[in-house]
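What follows is a set of notes on a single structure, which appears directly below.
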Amino acid sequence: MEAPLPGLSLLLLLLAVGWGSGMDAAWAPSPGGCELVQRIMDCTGRWLSSIPGNLRGDTEELFLDDNTIRVLGNASLLLYPQLWHLSLARNRLELIEAGAFLSSQGLEVLSLTDNLLFTNYSLTAAALSALPALRTLDLAGNQLREDMVSVLVSNLSSLESLSVARNVIMRLDSSIFTNLTQLLELNLEKNYIFEIDNAFEGLQRLQTLNIAYNYLPCLVGFGLTQLRVLNASNNIIEWFLTLESDDLFELEVLDLSHNRLLFFPVLPRQSKLRSLLLQDNRMSFYQRLPNGTSLANVTVQFLIIDGNSTNITTVRLWEELCHSNLSSLRLLDMSQNQVWGLPDDFLAQMPSLTHLKLNQNCLEAFHLSEEEPLANLTELDLSQNQLVELGVKVGVGDILPNLQLFNLSTNRLQALPPGIFTHTRKITTLDLSRNRVHLCPQPGEAESIPCVDIRGVGTLSHLSLAGCGLQGMGGRPFQGTSLLHLDLSDNRQLLSGDLGWLQDLVLTLQVLSLRNTSLSSTALDFSALSSLERLDLSGNSLAALPGSLGALRLRSLDLRDNCLPALPPDVARAPLGSSLRELYLSGNPYNCCTLGWWDALRQAEGLRVPDGREVTCRHGSRALRPGALPQPVLQSCRWQTADMALLYLVLALPTCLTLLVAFVVVFLMLKEKLLKMVKTRCGVSGSY
Ligand SMILES: *[C@@H]1O[C@H](CO)[C@@H](O)[C@H](O)[C@H]1NC(C)=O
Ligand SMILES: *[C@@H]1O[C@H](CO)[C@@H](O)[C@H](O)[C@H]1NC(C)=O
Ligand SMILES: *[C@@H]1O[C@H](CO)[C@@H](O)[C@H](O)[C@H]1NC(C)=O
Ligand SMILES: *[C@@H]1O[C@H](CO)[C@@H](O)[C@H](O)[C@H]1NC(C)=O
Ligand SMILES: *[C@@H]1O[C@H](CO)[C@@H](O)[C@H](O)[C@H]1NC(C)=O
Ligand SMILES: *[C@@H]1O[C@H](CO)[C@@H](O)[C@H](O)[C@H]1NC(C)=O
Ligand SMILES: *[C@@H]1O[C@H](CO)[C@@H](O)[C@H](O)[C@H]1NC(C)=O
Ligand SMILES: *[C@@H]1O[C@H](CO)[C@@H](O)[C@H](O)[C@H]1NC(C)=O
Ligand SMILES: *[C@@H]1O[C@H](CO)[C@@H](O)[C@H](O)[C@H]1NC(C)=O
Ligand SMILES: *[C@@H]1O[C@H](CO)[C@@H](O)[C@H](O)[C@H]1NC(C)=O
Ligand SMILES: *[C@@H]1O[C@H](CO)[C@@H](O)[C@H](O)[C@H]1NC(C)=O
Ligand SMILES: *[C@@H]1O[C@H](CO)[C@@H](O)[C@H](O)[C@H]1NC(C)=O
């Protein structure tokens with residue numbers, strides 16, 4: 001008798017959920033628990049084990065994802081002849097009966113991802129081949145081998161997009177995709193492919209090919225001239241070699257990132273390449289060795305074994321590279337490689353470059369000259385190298401005239417060449433963090449110390465000098481700039497005097513980070529920074545809030561990891577409190593017994609403490625959450641405050657008593673004398 005009850009309540013719950021979403025104007029509840037909007041029927045996640053038979057006959061799109069359907073029978077779709085989009089992702093589909101789609105001749109998009117179609121694939125193949133209009137088919141995650149895929153797609157000549165990602169394909173040859181003459185897009189991601197043998201030659205219209213996350217050791221003889229996007233990232237490719245040919249390749253995007261490339265890829269001579277992604281490989285250039293030996297004429301021989309025949313291809317690496325016309329390249333990502341120097345004129349071949357990423361290599365020097373003006377470059381990332389020198393031949397010509405972001409973080413630079421920013425008329429962001437730079441002018445007579453001069457760079461708005469070992473700032477290093485963001489964190493000897501050196505930024509600076517700067521003085525005067533909106537003071541040793549903050553109209557303040565025992569009780573009030581939207585507070589030794597400020601903050605409107613869950617206060621040796629102080633602690637706090645009065649009383653009482661007694665004794669002694677005196681007087685008088 002007990003059993004049906006949970007079922008009933010579950011049903012009620014479901015109904016409630018159904019009605020809940022049914023309130024939404026566009027969605028109307030429909031029989032079978034599905035939802036209908038216009039001609040789209042959504043039956044996602046309804047524990048259905050078959051296709052409901054009571055949906056609208058004119059349904060055009062049917063979503064049955066996340067159900068438990070095992071078989072799509074001959075009659076399943078008879079009632080819905082107008083279907084053009086059917087999705088059965090994440091069911092337990094093992095079989096689609098041969099006649100299942102006979103009534104759905106208009107079906108164009110079919111998703112069967114994450115099912116078990118390997119089980120009865122030949123019957124399913126027969127069903128699919130009855131779909132004359134099918135354009136998009138997704139068979140990802142069905143444990144299919146290459147022979148199964150071959151059968152499943154053999155008659156789908158209308159197909160334009162096919163995904164067989166996340167299956168168990170190991171080898172591709174010419175028999176697999178022969179009939180897919182209309183195919184534009186093919187996704188083979190996340191299989192176990194280690195060999196490709198002429199598999200794509202018949203695909204005359206193929207534009208996008210994704211073979212990422214496989215086990216390809218090389219791509220040799222690449223000749224798909226019509227391909228626009230090739231994604232071969234996350235394989236184990238050591239070589240990429242294009243077929244020697246002067247044909248124009250349509251290739252626009254080539255992703256070879258996360259492989260094991262040893263050399264710069266041998267690209268098509270003529271192509272429309274816009275993005276070349278080579279991140280995380282083992283590339284270097286061997287035109288010259290680090291000791292100066294020229295290897296310009298060195299060749300590499302490729303042994304190509306094809307069936308029984310063996311061919312040796314000799315490639316002059318450097319010349320091949322030179323022969324590629326890279327005039328349309330916009331994005332070149334060579335980050336995370338082993339590049340220690342670029343060949344001469346390398347960048348001169350890429351006049352259209354807008355983004356160049358060379359971060360995480362082992363560059364020791366980088367030279368810019370007028371011959372390689374990189375006129376359209378907007379972003380240059382040289383961070384995390386070994387740069388000790390940035391060479392610029394400054395002359396009449398423009399160098400980096402369109403550069404906006406220059407990242408030099410984490411190098412070994414001590415200075416930048418004077419005049420480097422003369423032509424960079426659009427630069428907004430400069431990241432010099434984690435170098436050993438000084439800003440010009442150097443205080444005192446130390447004019448000879450090399451330094452970075454950003455004075456007068458009017459377009460600069462974001463500057464990071466974090467971890468630069470800056471010390472004893474003075475003078476006016478920011479003269480003529482109008483910085484909005486300034487990061488000075490991790491400079492432990494930065495703040496020795498006042499903030500006078502920020503005088504040129506008082507009107508513009510909005511974001512300032514002074515994290516980890518050994519700040520302990522509460523006397524530091526921030527009041528002049530009238531535009532400041534975000535201030536990071538975390539990781540310092542502040543024992544009280546600097547008084548000058550009270551006058552600022554900050555929106556965000558970070559006080560984490562300081563030595564604050566409490567905040568001022570009026571912190572939530574104007575003007576600071578009324579403008580603050582975000583206050584970071586954790587990592588301070590707050591006193592659990594003086595949390596009045598915390599309660600005031602919690603009541604402050606519009607103010608968030610994003611790290612509120614990590615805020616703790618101290619009581620004795622215990623760390624407690626201020627919102628949930630246990631009763632004994634509250635009591636002990638009350639005692640502590642009450643104690644004080646009592647203590648004073650107890651301390652004062654004996655003293656008072658002693659004084660009183662002493663006074664009384666003295667008084668009594670005096671009184672006796674007095675009495676005596678009176679008596680003698682009286683006695684004397686008595687003798688009248
Ligand atoms: C389904 O239809 C196909 C083709 O019309 C037929 O060969 C097959 O026997 C049918 N299957 C069932 C279970 O009726
Ligand atoms: C589908 O495959 C399973 C397992 O291979 C098999 O037992 C079953 O008979 C097949 N069903 C049909 C209709 O062929
Ligand atoms: C493909 O079509 C041919 C001829 O129409 C037919 O003989 C063959 O069985 C079909 N293949 C599949 C897998 O249905
Ligand atoms: C290609 O399609 C034709 C007719 O549609 C069919 O006869 C042939 O078997 C298919 N080829 C392959 C390799 O499946
Ligand atoms: C290549 O595929 C990987 C994996 O799906 C993806 O992360 C990456 O963004 C793709 N590359 C391009 C250029 O789309
Ligand atoms: C430079 O290094 C290469 C390889 O380490 C060596 O063969 C060559 O002799 C060296 N050249 C000079 C000039 O030291
Ligand atoms: C490379 O070869 C060319 C002729 O093929 C020759 O003129 C040049 O000197 C060679 N360079 C080096 C560094 O050997
Ligand atoms: C390879 O050579 C053997 C005999 O040496 C021959 O029987 C076989 O057909 C050849 N295979 C190919 C793919 O040429
Ligand atoms: C081997 O090279 C010859 C001549 O260069 C070429 O005709 C032949 O197609 C190549 N064979 C292979 C398997 O690449
Ligand atoms: C490179 O290609 C562009 C067009 O994409 C063409 O204008 C230019 O002349 C080519 N350069 C060379 C050296 O072939
Ligand atoms: C730089 O960009 C502009 C506008 O986007 C374009 O007209 C110009 O041709 C580009 N210059 C080069 C060298 O590609
Ligand atoms: C510069 O590069 C470093 C590390 O490569 C990165 O953490 C930082 O966010 C970059 N700076 C900018 C402004 O993009």
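Note that ligands are numbered from 1 as they come in the structure, with each ligand's atoms numbered from 1 the same way. What you are looking at is a predicted structure, and each value in this text was computed from that prediction instead of being measured. For the numbers below, each heavy atom of this structure counts, side chains included, while hydrogens, waters and symmetry mates do not.
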(request) Provide the number and element of each atom of ligand 1 under 4.0 Å from a heavy atom of E97. (result) 11 (N), 12 (C), 13 (C)
(message) Between F249 and R269, is there a side-chain heavy-atom distance shorter than 4.5 Å?
(response) no
(message) Could you work out, with side chain to side chain donor-acceptor pair (under 3.5 Å) as the rule, every residue matching E97, not counting sequence neighbours?
(response) none
(request) Check whether the side chains of S518 and R492 place a donor and an acceptor atom closer than 3.5 Å, and report yes or no. (result) yes
(request) Within a distance under 4.0 Å of any heavy atom of G99, pick out the atoms of ligand 1 and give their elements. (result) 1 (C), 2 (O), 3 (C)
(message) Within the structure provided, determine whether L206 and L184 are in side-chain contact (heavy-atom separation under 4.5 Å).
(response) no
(message) Yes or no: does S328 have any heavy atom under 4.0 Å from an atom of ligand 10?
(response) no
(request) Could you name the protein residues that come within less than 4.0 Å of ligand 12, counting only heavy atoms, and order them by chain and residue number? (result) S383, Q384, N407, T429, D431
(message) Please identify which of these residues, D490, D536, N540, N491, meets the side chain to side chain donor-acceptor pair (under 3.5 Å) condition with T517.
(response) N540
Atom pairs and distances, donor-acceptor, side-chain atoms in residues 478-486, under 3.5 Å, two or more places apart:
from	atom 1	to	atom 2	distance (Å)
T481	OG1	F478	O	2.8
S482	OG	G458	O	3.3

(request) Would you mind listing every side-chain hydrogen bond (donor to acceptor under 3.5 Å, both in side chains) that reaches into residues 452-461, with sequence neighbours excluded? (result) D453-R455
(message) Checking side-chain polar atoms at under 3.5 Å, does S409 have a donor or acceptor matched by the opposite partner on S433?
(response) yes
(message) Which of the numbered atoms in ligand 10 are under 4.0 angstrom from any heavy atom belonging to S327?
(response) 1 (C), 2 (O), 3 (C), 5 (O)
